[in-house]
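Here is the naming used below: chain letters follow the sequence lines, and residue numbers restart at 1 for every chain. The structure displayed is predicted, hence computed values, not measured ones.
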Amino acid sequence: MIEILLMWSLFAFSVSIAVFLYRAIKGPSAPDRIIAMDTIGVNLLAVMAILSVLLKTYAFFEVILLFGILSFVGTVAFAKFIEKGVLVDDDNGR
Amino acid sequence: MESKEIILRTVTKLAIFIILAFAVFLFLAGHHNPGGGFIGGLTVASAIILLLLAFDIKAVKTGLPIDFKVLAFVGVLIAVTTGMGAMVFGASFLTQTFGHVHLPLFGETEFATAVLFDVGVAFAVLGTALSIIFTISGDIQRWKR
Amino acid sequence: MSVVIGLLFTIGVYLVLSKNLLRIILGTSIISHGANLLIITMGGLKNGGPALLGEGAGSFMDPLPQALILTAIVINFAMTAFLMVLAYRSYTDLGTDQIHELRGAHDE
Amino acid sequence: MSCGVPMMNNLVILPLLIPLVTGILMGIYKNNLPLQRRVSLFSLAVNFGVSLYLVQWVAGSGIRILELGGWPAPFGIVLVLDLLAALLLTATALVGFACLLYAVHSIGEDKERHYFYPLFHFLLVGVNGSFLTGDLFNLFVFFEVMLFASYVLLSLGGTKIQLQETVKYAVINTLSSTLFVVGIAYLYSVTGTLNMAHLSVRIAEVGQAGFLTVVAVVFLIVFSLKAGLLLYFWLPGSYMAPPGAVGAIFAALLTKVGIYVIFRMYTLLFYHQPEITHWLMAVMAGLTMLLGGIGAIAQWDIRGILVYNVVISVGFIISGLVFATSDALVGAVYYTMHDIVLKALLFLLGGTVIAIAGTGKIKEMSGLIRSHPLLGWMFFLTLLALSGVPPLSGFVGKVLIIKEGLSLGSGHRGFYLLAGIGLVSSLMVLYSLLKVFINGFWGETVLSTEMEKGTERGLVFPCLLLTAVSLFLGLGAELLYPYVDQAIITMLNPGLYIEAVLGEVF
């Protein structure tokens, strides 16, 4: 029973990733794209988590964490780039 | 302009420790599980990149007065030296060995020379990634002016 | 799988043949990905657990292609980074990112 | 399966480790230039000594292998040192020493600060590793190390020409490396192994059917791109761009690594269908020599002439492999060694001439022999050696290859043609270099000593060193012959190589 549920949720996540992918490609503005990419990242995390339940393995846990960190840093970088036009300040407000 | 990026900075201050702890965990997990020097180094690098994003080059450089290019070379040197260590004991190059050490706090602990190799790899990865980031971001600054 | 590889190679070759330096670099990168995928496919897609100790050991996959790809990816990453820097330098120094403008003029 | 005392086998990795560690140390102490210069030279001298010892050792006790990490051969990574590799290692160390000595005096402090020495040593790591490795994928890795160092060395200094040539060179080599990976993937799918000895066994079992021949041709394309065999179109531009010392080490080593790998692959792995692969190679070699010769004759820039000479010699060496008799192979290996030394010498001399005259165009220079007699006569000697005039080093290789070609020609008409092209190409080499000599060194002295753009001080000694070696290669051929002869035995009998790597199991 739980497996069918997991399968269906995997399917749902795939659909949502596809939809977000459309937004990321089409997205009229840059913030749209960034939010879409970030959400794709979150969805991927969820997919990995479900997979690790399905496959009954702990091996993906580190991957999930690491992916979360990287996606977080990436989103922050993009957001900052949009806001300020630079990624890394030379000397910030001092 | 003091209030700038206050959310980002606060989150960063908290998150940096989590990320670094996770990096150490990944690094140490590498012996029997997925993980190891490469990913550990990259995770530390991502933590420092987060610092760079939230603060600025100057602050990070005063906080971490390390030349990352040198760090990369030192890392490779460590990795190579552990390989050569095996030659001293008459085994083939890169042969790794391990033994059990009794540490006061952790009890019976496995200690392997592969860890030393991994330290080298971690340093090399960290150094390379960060020197690339520093170079590029510095270059962009110069270019904008 | 093979279709995807073919597709990747097609895209890559198309990009490499274009005039823009950035596109060429992306093209080489995509072709490398195609080659990596080829290694996986050629290594044989088999049933079996992931190549980890303790995880369903006994029937695990052939880890060699994975090791090869890991190495190839690292190398490809380094190459792409270097080419990007090179393209950037040639854009700032030579003032162009069009490959046909990088032609000739050796001894002049 | 490990044979011998493992401690002793660790010596095999020394030619790889010495430059690696030196390169790393140079990277750490990157601001201490005097230290860098001394340690670099010292390490290369040590490397040369070790290589000489290895030659003796392997000649005495057969092929040596080192299983990295103690993993037995078909599974782990293995380094194989046979006599061919040892001889080439020696030549590499020697040429590296001379080029570095030249570089110390010519490259300029700015480049020295920007990791010139680490890159130089990493280049040598790549080259030595390619010679030593017994594993196809490892070969790819070492190739990449070498290429990567060469990209950076090529672009070091960042002049316009260098940048634009590096772009082309890097893109082409990336593509050919990708093809290499593709070839590896196919080979792995058919044979399920990447260890060269193991591959040889497996290929011999299935008898190199059609698919494997296709793979062989893929590899031929890859390595001809790297070696500049027919697919040399990237070579002239990129070898002309860098400063003299870098150009010399490129010309001496990079193409030779490609040639070495072609030797290995087509004597160890793909030797079952010579009528396809070797025929293809014969056509490519012939065309390479002809086109390279025409290019050399057409050039009026001293670097251009030298670069096309590199192309010619690649074709010539490969034609030795095509003939594939033991004498021809001896000639090819001998000529390879000679060519490593002489191409470095030629480029160093060319670099010196350019440094003195301040221009590369031979029409604008004249009469240099009056103010620089030593340089002039060394150039003349090199010229004679390269075109194969008897007591000098080019002669032995040329005569062996062409003699074999002519004697094989009775069986196959094409070999006559190839040998003939070889002879014609010698003439082309002679003509093109004489053009440099006559225009540059003879005639009226237009440049007085005060007007010269640079000096030859410090630049002549490495040239002298290489000239001496070249003379030794020619006059001491008798001394060297047994070693080369023994190196050939492995090439003709893949069984020896396989037995050394895999033990008696197979």
Side-chain angles (χ1 to χ4, degrees), chain B residues 30-32 36-38 41 65-99 112-132 134-136 138-139 142-143, chain D residues 1-32 36 50 64-73 75-81 113-115 117-119 121-122 125 129 132-135 138 145 148 152 158:
Chain B
H31 198 54
H32 288 305
F38 190 85
I66 307 167
D67 188 348
F68 287 105
K69 289 173 189 163
V70 173
L71 187 69
F73 281 112
V74 170
V76 182
L77 187 63
I78 293 174
V80 175
T81 327
T82 54
M84 288 197 291
M87 288 167 68
V88 176
F89 293 108
S92 288
F93 180 76
L94 277 178
T95 305
Q96 308 288 357
T97 177
F98 60 90
T113 53
V115 173
L116 285 178
F117 185 79
D118 257 5
V119 170
V121 173
F123 277 4
V125 170
L126 180 62
T128 320
L130 284 180
S131 47
I132 289 174
F134 272 112
T135 315
I136 291 176
D139 212 37
R142 247 176 286 127
W143 192 60
Chain D
M1 256 183 284
S2 66
C3 50
V5 192
M7 181 68 199
M8 287 298 282
N9 280 348
N10 270 326
L11 275 178
V12 170
I13 207 174
L14 275 186
L16 226 168
L17 269 188
I18 294 172
L20 181 59
V21 172
T22 321
I24 295 165
L25 287 177
M26 297 299 96
I28 293 174
Y29 297 105
K30 78 158 188 153
N31 286 322
N32 192 344
Q36 287 204 17
V50 169
R64 287 277 136 189
I65 65 164
L66 171 64
E67 290 152 347
L68 289 187
W71 296 88
F75 311 111
I77 295 169
V78 52
L79 298 183
V80 184
L81 180 78
R113 261 183 219 295
H114 279 90
Y115 299 105
Y117 294 112
L119 287 168
H121 287 288
F122 288 147
V125 171
L132 278 176
T133 183
D135 179 293
N138 220 9
V145 170
F148 212 86
V152 188

Engineer: Where does D/L79 contact chain B at under 4.5 Å (heavy atoms): side chain, backbone, both or neither?
Structural biologist: neither

Engineer: Between D/I28 and chain B, which part of the residue has a heavy atom less than 4.5 Å away: side chain, backbone, both or neither?
Structural biologist: both

Engineer: Does atom CZ of B/F73 have more than 12 heavy-atom neighbours, drawn from other residues, nucleotides or ligands, at distances under 6.0 Å?
Structural biologist: yes

Engineer: Looking at B/I78, B/T81, B/V76, which one forms a side-chain contact (heavy atoms from CB on, under 4.5 Å) with D/I24?
Structural biologist: B/V76

Engineer: Where on D/Y29 is there a heavy atom nearer than 4.5 Å to chain B: the side chain, the backbone, both, or neither?
Structural biologist: neither

